[in-house]
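To start, the structure under review is shown below, and the notes come after it.
The analysis underlying the following values was restricted to heavy atoms, covering all of them including side chains, and did not include hydrogens, waters or symmetry mates.
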Amino acid sequence: MKSIIFIIDGVGDRPNAEGNTPLKEANTPTLDRMAKEGICGIMNAVDVGVRPGSDTAHLAILGYDPHENYTGRGPFEASGVGIDVQPGDIAFRCNFATVDENFVVIDRRAGRIKNTEELEKAIDGIEVDGVKVIFKQSGGYRAALVLRGDKLSDKITEGDPHHEGLKVPEIKPLDDSEEAKRTADIVNKIIKISYEKLNNHPVNEERRKNGLPPANIILPRGVGKVPTIQPFSEKYGLKGACIAGTGLIKGIAKMVKLDYIDVEGATGTPETNFMNKARAIVNGLKTYDFILINVKGADEASHDGNYELKKKVIEKVDEMFKYILDNIDKNEVYIVLTGDHSTPIEEKDHSADPIPILIWGKSVRVDDVEKFDEFSTYKGGLCWIRGKYILPILLDLMGLSKKYGA
C-alpha cells in the first residue's frame, strides 16, 4: 500500500456576507467525489485554537511535535534553499530590503527584486569574529543566513521591523548568556556589513538608474538553532518523498530526510504548474511508499485578499485530482486531503479555524458527507482531529500499525 498527504496550503476560510468561502463556491466535482467515497472531518494541525505557521503545521502533520522540534523558521528555510545545515547552526530567513542612510526601512522587499544572485555573492563566505557566514538567496527578495561556529545562541531578537518607515532594530540577547550576547553582536555586525557591501553594488547602482529601489541591506528574522530530528524512514518505516514549490516546505522535507522530487514549473505561486505536480505524484508512487505534496497558491491568494484567485487555485487542484484518480488504483493508494491552516480572505493571514480533511482509499468507513468544504466535512466520521493523528491512521490503514498490548 502507498499513501499521499496532499496539503492545499491555506485552504480554509471564513464565510463572507453571503455565507460562502472560496472552497464552498469552487467547482470541485472530483474533490466532492472523494468526499462521498471517503471519510471526512475537520482538523487543526497543531491544536484547537492554535494559529499555526506553515512550518509548525507541516511538522505536526508529519507527526513531529513542533514544541520539541521547532526552534524557528530559519533552519527550515535555510535547508530548503540548499544550505547543508548542521545541528547547532544558527539560521535565519531574510529579506533583501531598501533602507535610507539612517537605516530606516523604505521597502521591506526592495521592490520585489527578482535577480539577487550577484548580491548573494557579496555576503556569502564572509567571516565575523571567527564565525562563518553562509548566505544564499532563495528567489526574489528572499534569502537564508546561517552562522556556523562556537558559542552561538538562537536566544536573540530579530532584525526586521516588519513595517516600512521604521528603523532596522538592533539585535539584542534574550537571556544573560555570553553566547546570546556574542551572537547578537555578530548579527548586528553582519547587518551593517551587508549595507556596506550592497548599497553601492553595481546591481543596485543599475536599479537606481532605472528608478528601482536598491536591495541594499538584509533583514534577518525567524532565528532558530538547527535541531536534530529523527528521519522519517526511521520513524515510520516508509520510503518517503516531498513535492513542493516553496523553500520552507522543501526545507522541512529535507530536515526529516524525505527525498525531494523536483518538478518543472513548481513555483509555490498561483501560477505553479499544477498538472506537472499531478504527474509527479503518479510517477513518484512507483518508487515511494509515501508522498507529501504542498500546493501553495491558495494561501498566496488569501494573503493578497484575492477571493476569486483562491477559488481558481482550488479548481486547479480539483483538475489535479481528476488526473491522479484516473491513474492510480484505489486498492493500492490512500489519500489524505487537507490543509495546513486556514487563511481567511478577511484576515489576509493564518487563523486557528479548523480545516476540512478527508481520507480516501480502500476499506475506509464511508460517511454521509457529499461535499469537500468547511461546512460539510465537520459532519463526517473523523470528527475533529489534530494533525498528529494523520500518520498513525494512515499506518493502520496500510496494515503497518504495531499492536499496543497483547
I want to check something: taking the side chain as every heavy atom from C-beta on, are [X] and [Y] in contact at a cut-off of under 4.5 Å?
| X | Y | value |
| --- | --- | --- |
| Gln137 | Glu117 | yes |
| Val128 | Val187 | no |
| Ser54 | Asp9 | yes |
| Lys310 | Glu300 | no |
| Val146 | Ile90 | no |
| Leu248 | Arg73 | yes |
| Leu382 | Cys40 | no |
| Ile335 | Met34 | yes |

State whether [Y] and [X] meet the cation-pi test: NZ (Lys) or CZ (Arg) under 6.0 Å from the six-membered ring centroid, and within 45° of the perpendicular axis.
| X | Y | result |
| --- | --- | --- |
| Lys167 | Phe103 | no |
| Lys2 | Tyr334 | no |
| Lys235 | Tyr64 | yes |

Output yes when [X] and [Y] qualify as a salt bridge under the 4.0 Å nitrogen-oxygen rule, no when they do not.
| X | Y | result |
| --- | --- | --- |
| Lys257 | Glu234 | no |
| Lys322 | Glu319 | no |
| Asp299 | Lys296 | yes |
| Arg142 | Glu77 | no |
| Asp47 | Arg386 | yes |
| Arg182 | Asp129 | no |
| Asp304 | Lys348 | no |
| Lys151 | Glu178 | no |

Heavy-atom count check: over 12 atoms from other residues, nucleotides or ligands less than 6.0 Å from [X] [atom1]?
| X | atom1 | answer |
| --- | --- | --- |
| Asp176 | CG | no |
| Lys316 | NZ | no |
| Asp150 | CG | no |
| Tyr323 | OH | yes |
| Lys197 | NZ | no |
| Glu127 | CD | yes |
| Lys312 | NZ | no |

Please step through side-chain hydrogen bond (donor to acceptor under 3.5 Å, both in side chains) for the pair Tyr195 and Asn216, ending with a clear verdict. CA-CA 5 Å; Tyr195 178 79; Asn216 61 355; 4.9 Å; no

Nearest 0.5 Å please: distance from the OH atom of Tyr141 over to the CG atom of Leu219.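 If I round to the nearest 0.5 Å, the distance is 12.0 Å.
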
Distance (rounded to the nearest 0.5 Å) between Met43 CE and Thr377 OG1: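 Between Met43 CE and Thr377 OG1, I get 10.5 Å after rounding to 0.5 Å.
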
Tell me, with the steps shown, if Asp353 and Arg14 meet side chain to side chain contact (heavy atoms under 4.5 Å, CB included). CA-CA 8 Å; Asp353 298 288; Arg14 293 175 179 171; 2.7 Å; yes

Apply the test side chain to side chain contact (heavy atoms under 4.5 Å, CB included) to residues Ser351 and Thr343: give CA-CA distance (whole Å), side-chain angles for both, the deciding distance (0.1 Å), then the verdict. CA-CA 6 Å; Ser351 75; Thr343 310; over 6 Å; no

Apply side chain to side chain contact (heavy atoms under 4.5 Å, CB included) to residues Val336 and Ser3 and explain how you reach the verdict. CA-CA 8 Å; Val336 175; Ser3 61; over 6 Å; no

Checking side chain to side chain contact (heavy atoms under 4.5 Å, CB included) between Val131 and each of Ile190, Leu152, Thr183, which is the one that passes?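 Only one of Ile190, Leu152, Thr183 forms a side chain to side chain contact (heavy atoms under 4.5 Å, CB included) with Val131, namely Leu152.
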
Quick one: which of Ile291, Val295, Thr338 gives a side chain to side chain contact (heavy atoms under 4.5 Å, CB included) with Phe6?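 Testing each of Ile291, Val295, Thr338 against Phe6, the sole residue satisfying side chain to side chain contact (heavy atoms under 4.5 Å, CB included) is Val295.
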
Should Phe290 and Tyr236 be marked as a ring pair (Phe, Tyr, Trp, His ring centres under 6.0 Å) after you check the CA-CA gap, both sets of side-chain angles, and the distance that decides it? CA-CA 10 Å; Phe290 169 84; Tyr236 298 112; 7.8 Å; no

Should His163 and Val105 be marked as a side chain to side chain contact (heavy atoms under 4.5 Å, CB included) after you check the CA-CA gap, both sets of side-chain angles, and the distance that decides it? CA-CA 8 Å; His163 295 283; Val105 177; over 6 Å; no

Audit row: His58, His341, ring pair (Phe, Tyr, Trp, His ring centres under 6.0 Å) steps and yes/no: CA-CA 9 Å; His58 278 77; His341 51 75; 8.1 Å; no

May I have all residue pairs that pass side-chain hydrogen bond (donor to acceptor under 3.5 Å, both in side chains) and include part of residues 83-105, sequence neighbours excluded?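 Qualifying pairs, neighbours excluded: Asp89-Arg148, Asn95-Arg221.
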
Apply side chain to side chain contact (heavy atoms under 4.5 Å, CB included) to Tyr260 and list each qualifying residue two or more places apart in sequence or on a separate chain.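 With neighbours one apart ignored, the set is Lys250, Asp262.
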
Which heavy atom of Val313 sits nearest to which heavy atom of Pro270, and what is that distance?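 Scanning both residues, the minimum pair turns out to be CG2-CB, 3.9 Å.
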
Exercise: do Asn276 and Arg279 side chains pair donor with acceptor under 3.5 Å: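 Note: Asn276 and Arg279 side chains meet the donor-acceptor criterion.
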
